K.L.:
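Dropping the structure in here first, questions after.
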Amino acid sequence: MSDDKKKIYKPKVISGFPEWLPAERMVEQKWFDHIRSVFESYGYCSIETPSVEELDVISAKGEVDKEIYVLERLHKDDEDKSEARLALHFDQTVPLARYVAQHFNELIFPFKRYQMQRVWRGERPQMGRMREFYQCDIDVINVDHLPIHFDAEVAAIIYEVLDGIVGFAKPQLRISNRKILMGLLESIGIEDPVPVTRIIDKLEKIGKQDVAKLLESEGVTSNDAEQILTLVSSRPTTGSGEILDPSTALGMTPKNDQMQEGIEELSFVLDQLSHLPEGAVVADLSIVRGLDYYTGTVYETQLLDVPEFTGSVCSGGRYDDLAGSYINKHLPGVGISIGFSRLFDVMRQTHPDKLGIGRSSPADILMVLPNEEQREAASATARTLRERGYKVEMYHAPQKLKKQLAYAERKGIPYVWFPPFEDGQEHEVKDMANGEQASADPSAWVAG
RNA sequence: GCGGUCGUAGCUCAGUAGGUAGAGCACCUGGUUGUGGUCCAGGCUGUCGCGGGUUCAAAUCCCGUCGAUCGCCCCA
């Protein structure tokens with residue numbers, strides 16, 4: 001082996017593909033644990049689908065202006081057309097649709113599942129926007145008809161999840177129902193709602209006046225634009241048992257059945273969520289969710305105490321027919337997706353102190369290795385403590401105690417255990433937080 | 001995909017009449033004998049993003065290129 005010219009590739013992170021140090025990863029893992037436990041406490045089961053789907057599956061819905069990564073072999077044979085083109089999924093809804101269609105006869109409906117996986121989107125990274133990131137989706141799918149109360153259940157679950165991990169940032173779910181706005185747009189004769197909804201989506205960012213201008217440039221009359229703005233600016237509330245009054249809360253009476261239906265559904269969902277704390281859930285008619293497949297309830301979520309980031313950290317809604325492209329069944333569903341990596345990244349950048357990042361080891365105890373002669377005894381002590389449920393790391397070499405203590409300090413291990421340095425001596429434990437050290441029995445000691 | 005800004009040690013950066021590099025933090029060692037976080041002393045670390053040009057000479061000027069970052073688009 002020649003030692004004069006060793007080729008070194010300078011390590012670099014790839015933009016938009018985040019990776020964390022152990023201390024941050026530990027917090028991330030805690031978040032996953034919490035999310036999983038809340039999801040499961042409502043009886044939702046876990047599934048995982050492959051990272052790739054056939055490109056045709058992903059683009060079955062049309063709308064493929066999302067940047068999709070494709071996967072192919074470097075040495076693929078150009079002549080070989082037998083392999084379908086594979087694409088990394090950009091969300092978990094499309095894979096879910098395929099999965100449900102695939103296993104339709106084996107699944108039990110209503111099918112309630114959660115899914116925590118990475119997704120990929122070829123976009124330009126920014127704060128809270130990555131090219132590879134985790135989403136935690138929770139959805140319910142049923143055959144033919146899905147009761148509206150699930151629209152409230154998934155929202156309640158999501159609030160519980162967020163309250164547990166970022167409660168201090170005041171998460172707020174904003175809920176609307178697309179039927180209300182779509183009903184209005186239909187009544188004023190707008191055929192293609194997509195451009196209009198895109199403009200409305202910008203309301204919070206650019207304000208009423210600019211939205212009105214953009215609407216008029218789309219051919220909406222100023223009178224109609226005003227009606228639209230009146231509607232989407234309204235923030236109706238409802239208490240327990242109270243039904244949302246259209247004429248006062250929305251500033252107008254329903255123009256058609258669709259609008260009326262939307263109002264009733266939204267009222268019901270809000271009513272079902274009235275047990276949540278003040279401000280946890282609000283109605284916000286400006287939530288329209290762009291061009292997605294949503295047909296009824298729609299959700300977005302904001303962190304009220306994080307003014308640096310105004311985007312949504314979890315979004316979702318109800319769709320009439322999830323898997324119509326893959327199976328000849330009518331499968332309505334409702335679900336929400338937590339933008340896990342976005343949430344983590346935003347909180348990491350804006351409130352690092354609140355996340356509890358610090359420890360670089362999951363260990364509760366560092367077992368000191370006094371000398372080689374005591375290695376087996378120290379190892380036995382560690383085993384005893386592990387059997388009692390403690391996470392114990394053995395120090396690897398009989399180095400100076402100064403080094404062993406400094407190691408525990410740097411890794412954030414809260415206790416250092418000193419086994420006997422000679423046979424017959426006592427065990428001692430040091431509490432690194434306050435420096436106190438006392439004798440202890442491995443089979444009886446309890447962490448303070 | 002479009003526009004703005006920026007690229008010097010692991011990190012944050014300094015370094016213009018052009019003369020082949022510095023600070024702080026971090027890291028390592030020591031301050032003797034079985035104990036961390038402070039302090040003191042010492043030490044390690046760079047193809048100055050990459051390529052070309054001007055020049056006796058370029059981190060410093062010019063061109064190109066790549067990368068990063070912010071905004072737009074879009075969205076978790």
Side-chain angles (χ1 to χ4, degrees), chain A residues 5-18 21 63-68 89-93 115-138 158 162 194-195 197-199 201-202 205-206 287-292 299-303 308-317 335-346 349 358 366 368-371 374 395 398-422 425-426 428-437:
Chain A
K5 288 238 170 104
K6 194 170 80 167
K7 178 70 181 170
I8 302 265
Y9 288 93
K10 192 169 187 176
K12 57 182 178 186
V13 294
I14 300 172
S15 172
F17 290 78
L21 290 171
E63 298 166 7
V64 197
D65 46 19
K66 318 209 185 218
E67 280 287 342
I68 292 172
H89 57 234
F90 63 83
D91 68 11
Q92 291 175 136
T93 305
Q115 206 166 336
M116 310 199 290
Q117 293 183 233
R118 292 192 214 244
V119 302
W120 294 267
R121 293 182 193 177
E123 296 183 286
R124 289 300 252 275
Q126 269 163 43
M127 180 185 357
R129 197 171 91 181
M130 286 139 266
R131 298 197 283 183
E132 174 179 70
F133 57 97
Y134 279 101
Q135 284 192 161
C136 302
D137 281 32
I138 182 164
I158 290 299
L162 293 177
V194 172
T197 55
R198 280 209 178 139
I199 293 166
D201 244 2
K202 299 183 199 302
K205 192 176 278 185
I206 66 177
I287 306 298
V288 289
R289 306 259 60 235
L291 73 167
D292 261 313
Y299 317 88
E300 283 194 3
T301 310
Q302 262 160 321
L303 302 170
E308 301 92 329
F309 185 81
T310 56
S312 175
V313 293
C314 53
S315 309
I336 307 186
S337 174
I338 303 173
F340 182 97
S341 301
R342 159 174 289 185
L343 187 61
F344 188 74
D345 185 43
V346 167
Q349 290 192 48
L366 177 75
V368 162
L369 181 59
N371 48 57
Q374 298 299 328
Y395 197 74
Q399 291 172 321
K400 290 186 176 180
L401 290 183
K402 181 185 175 68
K403 284 199 93 171
Q404 304 198 34
L405 270 288
Y407 178 84
E409 163 71 21
R410 287 191 66 196
K411 292 189 86 170
I413 301 172
Y415 295 96
V416 173
W417 192 283
F418 297 86
F421 280 52
E422 292 169 34
Q425 290 182 332
E426 286 200 310
E428 289 186 7
V429 188
K430 184 184 182 81
D431 181 338
M432 294 299 277
N434 55 25
E436 285 171 19
Q437 187 168 332

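Letters A, B, ... mirror the listed sequences (proteins, then strands); counts begin at 1. All of these numbers come straight from a predicted model, not from anything done at the bench. Values reported hereafter were calculated over all heavy atoms of this structure, with side chains retained and with hydrogens, waters and symmetry mates removed.
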K.L.:
When you compare U29(B) with G36(B), how far apart are their P atoms, in angstrom units rounded to a whole number?
P.N.:
14 Å
K.L.:
Would you classify Lys202(A) as touching base, sugar-phosphate or nothing, given that sugar-phosphate means primed atoms plus P, OP1 and OP2, and contacts are heavy atoms under 4.0 Å?
P.N.:
sugar-phosphate
K.L.:
Taking the P atom in each of C74(B) and G10(B), what is the distance between them to the nearest angstrom?
P.N.:
40 Å
K.L.:
Please give the nucleotide sitting opposite C39(B) as a Watson-Crick or G-U wobble pair, both distances under 3.5 Å, or none.
P.N.:
G31(B)
K.L.:
Taking only the C1' atom of each, what is the distance from U55(B) to C62(B) in whole angstrom?
P.N.:
12 Å
K.L.:
At 4.0 Å (heavy atoms only), tell me whether Pro125(A) reaches a base, stays on the sugar-phosphate, or touches nothing.
P.N.:
sugar-phosphate
K.L.:
Arg410(A) near the nucleic acid: base, sugar-phosphate alone, or nothing, with a heavy-atom cut-off under 4.0 Å?
P.N.:
sugar-phosphate
K.L.:
Distance check needed: U69(B) C1' versus Met130(A) CE, whole Å only.
P.N.:
15 Å
K.L.:
What distance, rounded to whole Å, do you find between the two P atoms, one in G15(B) and one in C6(B)?
P.N.:
14 Å
K.L.:
Could you report the tightest heavy-atom contact between Lys403(A) and Gln399(A), atom names first, then the distance?
P.N.:
NZ-NE2, 3.9 Å
K.L.:
With P as the reference atom in both, quote the distance from A57(B) to C66(B) in angstrom, rounded to an integer.
P.N.:
29 Å
K.L.:
Compare every heavy atom of Ser337(A) with every heavy atom of Cys314(A), then report the nearest pair and how far apart it is.
P.N.:
CB-O, 2.9 Å
K.L.:
Using the P atom as the point on both nucleotides, what is the distance between A41(B) and A23(B), in whole Å?
P.N.:
15 Å
K.L.:
Could you state the atom-to-atom distance from CZ of Arg124(A) to P of C70(B) in whole Å?
P.N.:
11 Å
K.L.:
Could you tell me the Watson-Crick or G-U partner of C25(B), where both distances fall under 3.5 Å? Say none if there is no partner.
P.N.:
G10(B)
K.L.:
Would you check if the side chain of Thr301(A) reaches a backbone N or O of Ser312(A) as a donor-acceptor pair within less than 3.5 Å?
P.N.:
no
K.L.:
At under 4.0 Å between heavy atoms, how does the protein contact nucleotides 30-37 of chain B? Give one character per nucleotide, 5' to 3', with B, S or -.
P.N.:
SS--BBBB
K.L.:
Taking OP1 and OP2 of C75(B), is either one under 4.0 Å from a side-chain nitrogen or oxygen of Ser312(A)?
P.N.:
no
K.L.:
Looking only at the side chain of Arg342(A) (C-beta and beyond, no hydrogens), which of the listed nucleotides C28(B), C72(B), A76(B) gets closest?
P.N.:
A76(B)
K.L.:
Roughly, in whole Å, what's the span from CD in Gln126(A) to P in C72(B)?
P.N.:
7 Å
K.L.:
Rounded to whole angstroms, how far apart are CG on Leu21(A) and P on C27(B)?
P.N.:
13 Å
K.L.:
Looking only at side-chain atoms of Glu123(A), point me to the closest of C28(B), A68(B), C74(B).
P.N.:
C74(B)
K.L.:
Output yes when at least one side-chain N/O atom of Arg198(A) is less than 4.0 Å from OP1 or OP2 of C74(B), else no.
P.N.:
yes
K.L.:
Take the angle between the ring planes of His89(A) and Trp120(A) and call it parallel below 30°, perpendicular above 60°, tilted in between.
P.N.:
tilted
K.L.:
Scan Met127(A) against the nucleic acid and name what it touches under 4.0 Å (heavy atoms): base, sugar-phosphate only, or nothing.
P.N.:
sugar-phosphate
K.L.:
Whole-Å distance between C75(B) C1' and Gln302(A) CD?
P.N.:
14 Å
K.L.:
On RNA chain B, does the nearest nucleotide to Ile338(A) precede the nearest nucleotide to Arg131(A) from the 5' side, or the other way round? Give the residue.
P.N.:
Arg131(A)
K.L.:
By the 4.0 Å heavy-atom rule, please label Gly311(A) as base, sugar-phosphate, or nothing.
P.N.:
nothing
K.L.:
Taking the C1' atom of each, how far is A21(B) from G53(B), in whole Å?
P.N.:
24 Å
K.L.:
Output the rounded distance in Å from NZ (Lys205(A)) to P (C75(B)).
P.N.:
11 Å
K.L.:
With a 4.5 Å heavy-atom cut-off, do Arg342(A) and Phe309(A) have their side chains touching?
P.N.:
yes
K.L.:
At what distance, to the nearest 0.5 angstrom, does CG of Leu343(A) lie from CD of Gln135(A)?
P.N.:
12.5 Å
K.L.:
Round to a whole Å and report the spacing from CD of Gln135(A) to P of C75(B).
P.N.:
13 Å
K.L.:
Can you check the distance between G37(B) and A76(B), where both ends of the measurement are the C1' atom (answer in whole Å)?
P.N.:
40 Å
K.L.:
My understanding is that a pair needs two contacts under 3.5 Å, Watson-Crick or G-U wobble. By that rule, which nucleotide pairs with G3(B)?
P.N.:
C70(B)
K.L.:
Pairing check on C61(B): which nucleotide meets the Watson-Crick or G-U wobble criteria with it, both distances under 3.5 Å?
P.N.:
G53(B)
K.L.:
Within the stacking criterion (centroid distance below 5.5 Å, interplanar angle below 30°), does Phe133(A) stack on A76(B)?
P.N.:
yes
K.L.:
Measure the distance from CD1 on Ile138(A) to P on A76(B) and round it to the nearest whole Å.
P.N.:
17 Å
K.L.:
Counting C-beta onward and ignoring hydrogens, is there a side-chain heavy-atom pair between Phe133(A) and Val119(A) closer than 4.5 Å?
P.N.:
yes
K.L.:
Yes or no on side-chain contact (heavy atoms from CB on, under 4.5 Å) for Phe421(A) and Gln374(A), after CA distance, side-chain angles and deciding distance?
P.N.:
CA-CA 7 Å; Phe421(A) 280 52; Gln374(A) 298 299 328; 5.7 Å; no
K.L.:
Just checking Glu426(A): does its CD atom have more than 12 heavy atoms from other residues, nucleotides or ligands closer to it than 6.0 angstrom?
P.N.:
no
K.L.:
Can you find a pair of side-chain heavy atoms, one from Tyr299(A) and one from Ile287(A), that are under 4.5 Å apart?
P.N.:
no
